[in-house]
Amino acid sequence: MPHPFEPLENVERTALMLIKKQPFIDWLATHGMKENISMILRDPDIYLLPDFETHSEMESWLKKNYDQLFCDQLFHWFIDESYWVPDRSFALFKEWFSYSLHTMVWDTETQPIEKN
């Protein structure tokens, strides 16, 4: 008798979970965004990165591309770049965000992934 289990497909991407830390929350509060703080803390963002084999490959990519993620986070709150932190270093990125990198990303759906 065949087994009814269908294995999930691995998405050929690496996932980066980005969690806002207190300095980011404090920065938002200085710009009047105090009412959304609990939502911000509960809901990390997930970014799909290229398909990496090792954590060191992912870390290397992140060191080169952190500013794109940093800007994306700032843009979600303020389109006007004059509100953004002008000196965005990798050290500041790590102060404002914690992150975890995941090499195995599984798709539980049969429909293709859509981008908006």
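No hydrogens, no waters, no symmetry mates; every other heavy atom, side chains included, goes into these values. Note that this is a predicted model, so its numbers are computed, not measured.
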Less than 4.5 Å apart, side chain to side chain, heavy atoms only: is that true for [X] and [Y]?
X     : Y     : result
Lys20 : Ile25 : yes
Leu49 : Arg13 : no
Phe93 : Phe24 : no

Sequence neighbours excluded - salt bridge (charged side-chain N to carboxylate O under 4.0 Å, His left out) pairs with any residue from residues 67-82:
Asp67-Arg88
I need the full list of salt bridge (charged side-chain N to carboxylate O under 4.0 Å, His left out) pairs touching residues 94-116, with sequence neighbours left out, sorted by first then second residue.
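Passing the test, one end in residues 94-116: no pairs.
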With rounding to the nearest 0.5 angstrom, report the NE2 to OG1 distance, His55 to Thr103.
5.5 Å
Between the OH atom in Tyr66 and the CG atom in Leu18, the distance rounded to the nearest 0.5 Å is 14.0 Å
Tyr47: what forms a ring-ring contact (aromatic ring centres under 6.0 Å, His included) with it, not counting sequence neighbours?
none
Within the side chain of Thr14, is there an N or O that forms a donor-acceptor pair under 3.5 Å with the backbone of Phe52?
yes
Contacts of type side-chain hydrogen bond (donor to acceptor under 3.5 Å, both in side chains), residue [X], not counting sequence neighbours:
X     : answer
Trp27 : His31
Ser98 : none
Ser56 : Thr54
Asp87 : none

Ile79, CD1: over 12 other non-hydrogen atoms inside 6.0 angstrom:
no
Crowded around Tyr83 OH? As in, over 12 foreign heavy atoms under 6.0 Å?
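It does not: Tyr83 OH has 12 such atoms or fewer within range.
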Aromatic contact between Trp96 and Phe70, with the criterion being ring centroids under 6.0 Å apart: yes or no?
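Close enough - the centres of the two rings lie under 6.0 Å apart.
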Which residues end up grouped with Val105 if you chain together Ile, Leu, Val, Met, Phe, Trp and Tyr wherever their side-chain heavy atoms are less than 4.5 Å apart?
Val11, Leu48, Ile113
Check which hydrophobic residues are tied to Met104 through side-chain heavy-atom contacts below 4.5 Å, counting indirect links as well, and list them.
Leu8, Trp106
Identify all side-chain donor-acceptor contacts of residues 58-65 below 3.5 Å with residues at least two apart in sequence or on another chain.
| from | atom 1 | to | atom 2 | distance (Å) |
| --- | --- | --- | --- | --- |
| Glu59 | OE1 | Tyr99 | OH | 3.0 |
| Glu59 | OE2 | Tyr99 | OH | 3.4 |
| Asn65 | ND2 | Trp61 | O | 2.8 |

